[in-house]
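Scroll down for the structure; my scribbles are underneath it.
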Amino acid sequence: MIIKGGNIITDDGPRPGDVVIEGTTITAVCDPGQAPGGDHVVDATGLWVLPGAIDAHTHFGMPLGSGVSSLGWRESSEAALLGGTTTIIDFANAAVGEPLPEAVAKWRGMADGVILCDYGLHVTVTDVADERLAEIPALVEQGLATFKGFLAYKGRLMLSLVEMKRLMEAVHRAGAMLLVHAEDGEMNATAEKVLLDTGRTAASWHPLAHPDESEEKAVAEILDLANATGCPLTIVHMSLGQSLELLKNARKNQDRDGILLGEVCLHHLFADSGLYQAGHGASMAAICSPPLREAGNGADLLAGLVAGDLDLLSTDHCEFCLAVKSAAAGGGFHRVPNGCGGVGERMVVSHTLAVATGKMDPARWIETCCRRPAELMGLARRKGQLALGFDADIVLFDPAASYRWEPLGSSDRAGSLWAGLPVTGRIRDVWLRGRQVVADGNLALDQPGGEFLQRRL
Ligand code: URP
Ligand code: ZN
Ligand code: ZN
């Protein structure tokens with residue numbers, strides 16, 4: 001198959017060219033007119049040709065009460081493909097006392113045969129007993145290259161700094177990387193208690209239970225621990241300009257490249273805390289951790305992403321229907337499941353608000369959504385680039401289309417942060433390992449199904 005006549009987005013920017021695919025693999029990327037003949041020619045005139053995007057942070061089917069986050073693996077992966085994302089990295093969350101390999105098997109059991117895009121798993125560690133940490137090297141051998149720890153969520157997922165240090169040492173010894181949710185769980189719990197004790201239980205109070213100082217303290221502490229242990233670190237969903245400053249300073253002062261990384265998510269770039277005052281639906285949709293912050297932080301984070309001071313543009317996709325959040329809200333904001341959707345929106349919304357506005361060039365956009373997530377998360381030389389030998393994960397994108405955004409697949413309109421947003425850019429066609437999975441904006445009937453990806457740093 002040859003995709004002919006489009007503008008290929010590379011690190012140097014858009015350039016006209018053709019992409020040749022044989023079976024599941026890209027076999028050539030040529031200047032216009034240089035491609036050999038093919039059985040099947042796709043006309044990409046007027047379109048951008050992108051690598052299938054990679055979202056390094058999703059929660060597709062996290063069991064929660066009687067339901068699951070994000071409506072489930074199939075529904076979320078449909079939204080991913082329709083939104084131009086062909087690979088996601090989700091989480092196998094191990095409970096306290098649960099062997100990590102059992103957690104991985106359990107989460108793979110939920111995803112395999114159901115998910116439609118390719119996927120990997122980070123392993124969330126909530127218990128640092130010797131026998132847990134001893135399980136890490138074998139998991140790394142099996143392609144589980146990244147682990148996650150929480151400084152937030154006291155009494156549920158939170159690790160103390162002493163526990164986090166033990167985890168970092170074990171992860172570093174195993175040649176892996178640690179992802180950290182950097183908010184101070186003690187500080188959040190104290191703030192939450194004051195709010196609840198004084199009857200301030202409405203959703204609009206949620207951000208006050210996650211003060212800026214809590215993230216700033218946790219970011220500073222985890223950077224110190226990374227320096228002390230040498231453990232490669234990605235701080236996930238950074239939400240404050242001040243956190244970015246801390247990361248920049250830490251990077252300046254350490255001599256090894258690529259071990260202190262920062263991720264920013266769609267909602268922290270382009271939505272702000274004004275939504276908590278914008279009525280019931282908007283404030284419910286905006287309940288996530290860290291919360292949406294004051295306007296201005298998003299612009300700082302976007303500037304950091306453009307400048308290379310942040311590395312990854314992800315989503316932390318953890319969608320809940322408005323009805324689910326509303327039902328929980330009767331017990332107070334602290335009972336509402338945290339998380340926002342975004343896996344279907346990431347490419348079009350970031351194109352609209354960063355690329356089409358001239359704040360980010362197309363090459364950097366593709367770097368932060370495709371190439372860097374692949375390289376940093378252990379999928380280098382397989383995913384994230386249009387290049388010889390890479391998987392034929394390919395997106396045809398119409399940069400000129402303009403319309404109002406509507407959530408994709410079975411995503412919940414009422415629970416969306418993005419429904420109704422005027423957008424520029426449309427995902428037209430998508431191939432996953434050479435098979436067409438989206439045709440003219442619709443899911444193809446015959447889906448190859450997603451594969452579990454072993455990842456190696
Ligand atoms: O609100 C969020 N972020 N929910 C998902 C879990 C997490 O903290 O990443
Ligand atoms: Zn988190
Ligand atoms: Zn998350």
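Indexing begins at 1, ligand by ligand and atom by atom, following the structure's order.
Protein heavy atom at the shortest distance from atom 6 (C) of ligand 1 is His59 NE2, 3.7 Å. Among protein heavy atoms, the minimum distance from atom 1 (O) of ligand 1 is reached at Ser289 N, 2.8 Å. Given atom 7 (C) of ligand 1, the protein heavy atom at minimum distance is Tyr153 OH, 3.7 Å. Summary of contacts: the protein heavy atom closest to atom 4 (N) of ligand 1 is Asn338 O, 3.1 Å.
A distance-only check finds no donor-acceptor pair linking the side chain of Arg382 to the backbone of Leu453 [under 3.5 Å].
A donor-acceptor pair shorter than 3.5 Å can be found between the side chains of Glu263 and Ser314. Judged purely by distance below 3.5 Å, without hydrogens or angles, the side chains of Asn338 and Ser289 pair a donor atom with an acceptor atom. Side chain to side chain, Ser239 and Glu215 meet the donor-acceptor criterion of an N or O pair below 3.5 Å. In this model, a donor atom of one side chain and an acceptor atom of the other lie less than 3.5 Å apart for Ser214 and Asn188. Counting only N and O atoms by type, the side chains of Asp112 and Tyr119 include a donor and acceptor under 3.5 Å apart.
Residue contact check: His237 has heavy atoms under 4.0 Å from atoms 8 (O), 9 (O) of ligand 1. Per-residue contacts place Asp316 under 4.0 angstrom from the following atoms of ligand 1 (heavy atoms of the residue considered): 2 (C), 3 (N), 5 (C), 9 (O). Of all atoms in ligand 1, listed by their number and element, those nearer than 4.0 Å to a heavy atom of Gly339 are 1 (O), 2 (C), 4 (N). Proximity to Phe150 (heavy-atom distance under 4.0 Å) selects the following atoms of ligand 1: 8 (O). Less than 4.0 angstrom separates some heavy atom of His57 from each of these atoms of ligand 1: 9 (O). Residue Cys288 has at least one heavy-atom neighbour below 4.0 Å for each of these atoms of ligand 1: 1 (O). Listed by number with element, the atoms of ligand 1 under 4.0 Å from a non-hydrogen atom of His181 are 8 (O).
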Please tabulate, for side-chain N and O atoms in residues 222-229, each donor-acceptor pair with protein atoms closer than 3.5 Å (sequence neighbours left out).
residue: Thr229; atom: OG1; partner: Leu225; partner atom: O; Å: 2.8
residue: Thr229; atom: OG1; partner: Cys231; partner atom: N; Å: 3.2

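Using cut-offs of 30° and 60° for the angle between ring planes, the His237 and His268 rings count as perpendicular. Ring geometry, Tyr403 versus Trp405: the interplanar angle falls from 30° to 60°, so the pair is classed tilted. The aromatic rings of Trp365 and His351 are tilted relative to each other, their planes meeting at an angle between 30° and 60°.
Around the Zn ion (ligand 2), protein N, O or S atoms at less than 2.8 Å comprise His181 ND1, His237 NE2.
Using a 4.5 Å heavy-atom cutoff, the side chains of His181 and Leu151 are not in contact.
Residue-ligand proximity: Lys148 is placed with a non-hydrogen atom under 4.0 Å from ligand 1.
Under the side chain to side chain contact (heavy atoms under 4.5 Å, CB included) rule, Val348 has a single partner from Leu82, Leu353, Val423, Leu408, which is Val423.
Counting backbone and side-chain atoms alike, His57 contributes an N/O/S atom closer than 2.8 Å to the Zn ion (ligand 3).
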